[in-house]
Amino acid sequence: MRITAETDTTRAKRGRGLTVGIGAAVVLLLGVGAAFATANASQTASRASQSAIAPVGTPAPQLRLGYFANVTHAPAVVGVQQGIIADALKAAGTNSLTTQVFNAGPAEIEALNAGAIDAAYVGPNPAINSFAQSKGQALVVVAGVAAGGAQLVVRPGINSAADLEGKTLATPQLGNTQDVALRAWLAKQGYKTTPNGSGDVTIDPTDNAQTLKLFQAGKLDGAWLPEPWASRLVLQAGGHVLVDEKTLWDGSQTGKPGLFPTTVLVVNKQFAADHPQTVEALVKGDASAIDWLSKAGESEKVQAVNDGLKAAAGQALPTNVVQRALSNITFTTDPLAGAYPKLLQDGVNAGVAKTADLHGLFDLSILNRVSGAAKVSAAGLGQE
C-alpha cells in the first residue's frame, strides 16, 4: 500500500475575543477523557493491570498521527516530511500514515480521546489532564521528543514582572503547557489570574499566528509561546525575552538543570494494547528523527525543518527564526518524567487541572528496549 500523509486544513483561528466560551473550555479541560474512559471501561479494565505494552496483537493497517507545525515538534515535522516515521511503520506492517496538524494540545488530546487520531506529539500538561480525568485509561506516554524552547516575550517598555500588572498576555490555548507555565510564574510574582481571563494580568488564549499579528499591531503586551513563535515575536515583531523558561528549572526534579519537557509522544491506550508492533515502530521512528536532528549540520537541519513546516502549515520561515528556535531546544527521547508532579501541581494551582495519581502515565519499556542507549527513567510513574 502507498504511504500517505494528510494535513488538516480546518484548524480554527482564534482572535482576542475568547472571553465568550472560555468557561466551556474550562469544563472541557477538566472533563476531557471522562467520556472516553466511561465508553471504553469494559474494554480497557482488563488491560489496566498489565505491566507494560504487551507484545501481542497485530500491526495496525494505518496510524493516524497528530502534531504541531512548531519547531518544538521538529522530530515529527522532519520525520513526516522525510518519510522517517512512515518507513519505520512500514517495516512493521503499518503501511499507511495519515497526519493532522493542530495549534495546541487540548484540542489535539480531544481528538485522541475521540478516536480521531491514534497517537500525538503534544505538550505534557494536556497529556497529564487527559490521563488524570480518564483515570489512566486514555493514553500513555511512550517517549520524549523535546525539552526547552518556551519563552515569555514582551513589548519594549516592559522590563520586569512589576510592569505586567493590568497587561494582556497570550498563550496558545487554555490549559496547554505554556498557558500553565505562564499562570504558575505569574502566581509566584504575586499576581492572581483566573481561567476566564480576569485577574491582575489578563491571559488571552489565542492562536499562535493570530498572536503574532496582534503583537505586531500593538494589541498584545506579550505572550508565553513555544518555538518558533517566541523567536518570531523577537525577530519579526520587535519583542524581547522577559522570561526564558529554562531558567526556572534547576534540575531538582529531573537531574538536568535547564531542561523541562515541552513535547512528548503519547498513544491512545487501547490502540497501544491492540497494536504494540505499530507503537514500537512509531517509537523507533521518533528516535530515528531525533537522531537525525542531532547529527545534521545546521544548514541541513534548518532546511529540513523549514521544508516540514511548509508542508504542514503552508509557509516556511526566515532562516534566522529557525536558527534561533533550534538553538533553544534540546531534542531527546527522555520525557523527563520527574518534572510531571510539578507540572500537575502548577495546573492545579492555575485552576485548569485536578489533583491526580500519575502512576502509569509512562510506559517507556519499548523505548528502553529499542533505543540501545542508557535507560530512560519513568521516575516511578510507570514502566521502564
Evaluate Asp357 against Lys135 for salt bridge (charged side-chain N to carboxylate O under 4.0 Å, His left out), listing each step before the verdict.
CA-CA 8 Å; Asp357 180 4; Lys135 300 187 186 305; over 6 Å; no
Polar side chain donor-acceptor pair, Asp244 to Gln151, under 3.5 angstrom
yes
Closest approach of His359 and Gly380, non-hydrogen atoms and distance?
ND1-O, 3.1 Å
Quick one: CG on Asp291 to NZ on Lys284, what's the gap to the nearest 0.5 Å?
14.5 Å
Please answer whether the main-chain N or O of Gln236 pairs with a side-chain N or O of Gln216 as donor and acceptor at a distance below 3.5 Å.
yes
Got a second to check how far Thr333's OG1 is from Leu367's CG, nearest 0.5 Å?
4.5 Å
dist Asn306:CG -> Gln81:CD (nearest 0.5 Å) comes out at 11.0 Å
Please determine, by modelled atom types, if Thr262 and Thr72 share a side-chain donor-acceptor pair under 3.5 angstrom.
no
Donor-acceptor list for residues 117-127 side chains, cut-off 3.5 Å, not counting sequence neighbours:
{"residue": "Asp118", "atom": "OD1", "partner": "Arg64", "partner atom": "NE", "Å": "3.4"}
{"residue": "Asp118", "atom": "OD1", "partner": "Arg64", "partner atom": "NH2", "Å": "2.6"}
{"residue": "Asp118", "atom": "OD2", "partner": "Arg64", "partner atom": "N", "Å": "2.9"}
{"residue": "Asp118", "atom": "OD2", "partner": "Arg64", "partner atom": "NE", "Å": "3.1"}
{"residue": "Tyr121", "atom": "OH", "partner": "Asp286", "partner atom": "OD1", "Å": "3.1"}
{"residue": "Asn125", "atom": "ND2", "partner": "Leu343", "partner atom": "O", "Å": "3.1"}

Is it the case that Ser198 and Asn196 place a side-chain donor and acceptor less than 3.5 Å from each other?
yes
Is Leu364 reachable from Leu336 through a run of hydrophobic residues whose side-chain heavy atoms are each under 4.5 Å from the next?
no
Rounding to 0.5 Å, atoms CG (Asn176) and CZ (Phe102) come to a distance of 14.0 Å
For a side chain to side chain contact (heavy atoms under 4.5 Å, CB included) with Val201, tell me which candidate from Thr168, Asp221, Leu186 qualifies.
Leu186
So do the side chains of Arg232 and Leu317 get within less than 4.5 Å of each other, counting heavy atoms only?
yes
Which atom of Ile329 lies closest to which atom of Ala146, heavy atoms considered:
CG2-CB, 3.9 Å
Can the ring centres of Tyr67 and His73 be said to be less than 6.0 Å apart?
no
Could you walk me through whether Arg369 and Glu280 pass side-chain contact (heavy atoms from CB on, under 4.5 Å), step by step?
CA-CA 9 Å; Arg369 185 170 71 248; Glu280 180 171 323; 2.8 Å; yes
Ionic contact status for Lys192 with Asp200, cut-off 4.0 Å
no
Donor-acceptor pair, Asp163 side chain versus Ser160 backbone, under 3.5 Å?
yes
Heavy-atom pair of closest approach, residues Lys354 and Val348:
C-CG2, 3.6 Å
Any non-hydrogen side-chain atom of Ile366 less than 4.5 Å from a side-chain atom of Ile53?
yes
When you compare the side chains of Glu245 and Trp185, does any donor N or O come within less than 3.5 Å of an acceptor on the partner?
no
Using side-chain heavy atoms (C-beta onward) and a distance below 4.5 Å, is Leu212 in contact with Leu233?
yes
Quick one: pull up CG in Leu63 and NZ in Lys90 and give me the separation to the nearest 0.5 Å.
15.5 Å
How far apart are the closest heavy atoms of Leu225 and Ala230, and which atoms are they?
O-CB, 3.8 Å
Do the side chain of Lys269 and the main chain of Gly136 share a donor and acceptor less than 3.5 angstrom apart?
yes
Is it true that a side-chain atom of Asn103 and a backbone atom of Asp207 form a donor plus acceptor pair closer than 3.5 Å?
no
Does Lys301 use its side chain to pair, donor to acceptor, with the backbone of Leu293 at less than 3.5 Å?
yes
Given side chains that start at C-beta, do those of Val370 and Val283 come closer than 4.5 Å, heavy atoms only?
yes
Closest approach of Ala289 and Ile84, non-hydrogen atoms and distance?
N-CG2, 3.9 Å
Please round to the nearest 0.5 Å and tell me the distance separating atom CG of Leu259 and atom OG1 of Thr330.
5.0 Å
Between Ser231 and Glu227, is any side-chain donor less than 3.5 angstrom from a side-chain acceptor?
yes
Going through the distances and angles, do Val154 and His240 end up as a side-chain contact (heavy atoms from CB on, under 4.5 Å)?
CA-CA 6 Å; Val154 296; His240 70 96; 3.5 Å; yes
Would you call the rings of Phe362 and Tyr340 parallel, tilted or perpendicular if under 30° counts as parallel and over 60° as perpendicular?
perpendicular
Is there a donor-acceptor pair closer than 3.5 Å between any side-chain N or O of Ser288 and the backbone N or O of Gly285?
no
Decide whether Asp307 and Gln303 meet the rule of one side-chain donor and one side-chain acceptor closer than 3.5 Å.
yes
If Ile, Leu, Val, Met, Phe, Trp and Tyr residues are connected whenever their side-chain heavy atoms lie under 4.5 Å apart, and connections chain through other members, are Leu248 and Leu182 in the same group?
yes
Stepwise side chain to side chain donor-acceptor pair (under 3.5 Å) test for Thr332 and Asp334
CA-CA 5 Å; Thr332 174; Asp334 185 350; 5.2 Å; no
Testing Asp179, Thr211, Asn208 one by one against Thr171 for a side chain to side chain donor-acceptor pair (under 3.5 Å), which residue passes?
Asp179
Could you pull out the closest heavy-atom pair between Pro59 and His275, with the gap in Å?
C-ND1, 3.7 Å
Can you find a heavy atom in the side chain of Lys310 that is under 4.5 Å from one in the side chain of Gln315?
no
Is there side-chain contact between Gln100 and Leu65, with heavy atoms separated by less than 4.5 Å?
no
Check: Trp292 main-chain N/O paired with Ser294 side-chain donor or acceptor under 3.5 Å
no
For a side-chain contact (heavy atoms from CB on, under 4.5 Å) check, start with the C-alpha distance between Ile128 and Leu361, then their side-chain angles and the critical distance, and finish with the verdict.
CA-CA 8 Å; Ile128 289 170; Leu361 175 60; 4.3 Å; yes
Close side-chain approach of Asp346 and Arg183, heavy atoms under 4.5 Å
no
Worked verdict on Leu220 versus Leu169 for side-chain contact (heavy atoms from CB on, under 4.5 Å)
CA-CA 6 Å; Leu220 277 176; Leu169 306 176; over 6 Å; no
Test item: Leu89 and Thr278 side chains (from C-beta on) under 4.5 Å apart, heavy atoms
yes
Counting heavy atoms not belonging to Lys246, are there more than 12 under 6.0 Å from its NZ?
no
